[in-house]
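Worksheet for the structure shown next.
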Amino acid sequence: MDRDALQTIAVRHQAEIYRYLRYLGADRSAAEDLVQETFLAAFRATRHPDTEDGQGMSAWLRAVARNMFLRYCRGAKKRPIPVTPEHLEEAETVWAQDFLGRGDGFDYVEALRQCLETVPPKHREALDMRYRMQQPRSDMAQRLGMTEDGVKSLLRRIRAALAECVQQRLAKEDSA
Amino acid sequence: MRLTEHHDRLIDMLLDEVLGDKVPADLTGKIMARVPRPGRRLRWWIPAAAAALLLTGVTARLILVPKYPEPQVLGHAKAGERTRVQRGETLTTGTEQRDLLLGGYCHLGVEPNSQVQIRGTKRAESVFLTKGGMTCEVNRGKGTFEVVTQMGTVSVTGTRFNVKLVEGEDGGPMSTIAGKTATALAVAVLAGSVSVQHNGETWNVIAGGSTTVAAEQANGGVIEAGKPSYRAKDSEAWKEKGRIVGMVRNAPAFTAKALNEKGETVLSFKGEKGARSYELQWLVPGVYTLEVSAEGFTPLTVKGLEVKAGNDLFVGVEFTPRR
């Protein structure tokens, strides 16, 4: 792969690979480092998919990123998630089938935006505190009159409801 | 559809982006900066070949170039025996002559009842003759050699010669460390030529020739040192080093040297006529000998000067010419 080809695929796929690494469990700083390592490994690779084959290149870059993440987790003192090759393969299945099932993930994100409109006010407040204002769980617990475990459990329930809502919307659009 | 922890993390990541406006940074520049430009991509074998060449060179040098010989005394106890001696050591002969080998190219036959201190460095061998005499044989082209005495210096690059201090009684103008008086320095050249420096003059003596320097001539001016004192330096740069400095009065052209405990010259300073100061800088902390010499003056030697890190050691020097 030459420099021009690398620049092309970096521009085209870096955001997806960054999201993918964040989804696998990397924090922002680690994800940025691993994105760079992924594309440098792609540059050095002797065999790779055609750079014009968007889906093939995307799947191949994700495989490279998974290996990078696995190596990073094995070397890290504090592992972000329990990582095994099998665990990462399951994560890849969810990403490829559910998130990218209808293309590049744009539909999934749009469905999520619509589902957010239907979230009850108390749940929306919790989401804003957590994701928009980045408040720590202890502050949220005080504000919402709950325990920290309660906040954790509430956020998990909201996300599960959103995931289900997204799946239903996408299924509905497919059937239509 | 079964919802798993992967779905939970997927939604978590997307919420971070959608609600928190955490869009991925553009990393294209960082990625491209880490990729070598065309034509500058290093071929793997170039550093490997360079390393192999270097290793071969170093190995060949170690094998082919013999290690520089340390000073040795021959015939120390029994015939053929060699004893290694250190630079800075003084060799005193008894009733028999001893042979001294320096750097593999200087063979000195030190006469009975002589005293000589081994000085110099690799390929610039030097001895300080304080008593007696010696025959010197120096191979051409391997390095320099000089015999320093209180009465003058004999320098050669390749020759065979004899140098001798002629002693008189106590109380003469040139007292030696042996308590005797050196009244003359006699140099006889057996092969090649030597250069003799004395009282600011230099002359050559060729094979078959000889020269004698009388003590009266050597006793020129006097160099005196002031009392040493320290002053701390307020600089990070001198945290691990020190220096010997001093004011100079009535300076002719002179040389100040710092010698380590082995008698090796570590640093040399050449002062011009009328110089007001001298400095021997960046010395590693330790004990040094300060030697100051000038044409027409009896050399000054100040031993046991302790150089301390982060300190200037002041030793003033005054030249008093012969009246």
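Residue numbering restarts at 1 for every chain, and letters A, B, ... go by the order of the sequence lines.
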Leading residue by heavy atom contact count with chain B [cutoff under 4.5 Å; candidates A:Phe39, A:Trp95, A:Tyr108]: A:Tyr108
Please check: side-chain N/O of A:Arg3 versus main-chain N/O of B:Val35, any donor-acceptor pairing under 3.5 Å? yes
Relative to chain B, which of A:Val11, A:Asp2, A:Leu112 shows the most heavy atom pairs under 4.5 Å? A:Leu112
Any carboxylate oxygen within less than 4.0 angstrom of a Lys/Arg side-chain nitrogen, looking at A:Arg159 and B:Glu5? no
A:Arg132/B:Asp16 under salt bridge (charged side-chain N to carboxylate O under 4.0 Å, His left out): CA gap, chis, key distance, verdict: CA-CA 8 Å; A:Arg132 203 185 292 278; B:Asp16 213 21; over 6 Å; no
Under 4.5 Å, counting heavy-atom pairs only, tell me which of A:Glu32, A:Arg19, A:Met133 racks up the most with chain B. A:Arg19
Cut-off 4.5 Å, heavy atoms of chain B, and the answer for A:Arg157 is neither
So what's closer than 4.5 Å to chain B heavy atoms on A:Gln134: side chain, backbone, both or neither? side chain
Any chance you could measure A:Leu6, atom CG, to B:Arg34, atom CZ, to the nearest 0.5 Å? 11.5 Å
At a heavy-atom separation under 4.5 Å, does A:Leu116 approach chain B through its side chain, its backbone, both, or neither? side chain
Counting N and O atoms only, with roles assigned by atom type, does the side chain of A:Gln36 sit under 3.5 Å from a partner on the main chain of B:Ile31, one being a donor and the other an acceptor? no
Min side-chain heavy-atom separation B:His6-A:His87 under 4.5 Å: yes
Would you say OH of B:Tyr68 has more than 12 non-hydrogen atoms from neighbouring residues, nucleotides or ligands within 6.0 angstrom? yes
Spacing of B:Leu10 atom CG and A:Leu162 atom CG [to the nearest 0.5 Å]: 11.0 Å
For chain A, which candidate among B:Asp26, B:Val18, B:Asp8 shows the most heavy-atom pairs at distances under 4.5 Å? B:Asp8
Give a yes or no on whether B:Glu279 atom CD has more than 12 heavy-atom contacts from other residues, nucleotides or ligands under 6.0 Å away. yes
Pair A:Tyr23-B:Asp12, side-chain hydrogen bond (donor to acceptor under 3.5 Å, both in side chains): steps then yes or no: CA-CA 8 Å; A:Tyr23 157 69; B:Asp12 183 52; over 6 Å; no
Can you tell me how far CZ of A:Arg113 sits from CG of B:Leu14, rounded to the nearest 0.5 angstrom? 9.5 Å
Residue B:Lys30 excluded, over 12 heavy atoms near NZ under 6.0 Å: no
Does CD belonging to A:Glu173 count more than 12 external heavy atoms closer than 6.0 Å? yes
When you check the side-chain N and O atoms of B:Thr28 and A:Gln14, is any donor under 3.5 Å from an acceptor? yes
Whether over 12 other heavy atoms sit under 6.0 Å from B:Glu240 CD: no
Is the CZ atom of A:Arg143 crowded by more than 12 outside heavy atoms at less than 6.0 Å? no
Quick one: what part of A:Arg156 sits under 4.5 Å from any heavy atom of chain B, side chain, backbone, both or neither? both
Taking every non-hydrogen atom, the tightest pair across A:Ala163 and B:His7: CB-CB, 4.5 Å
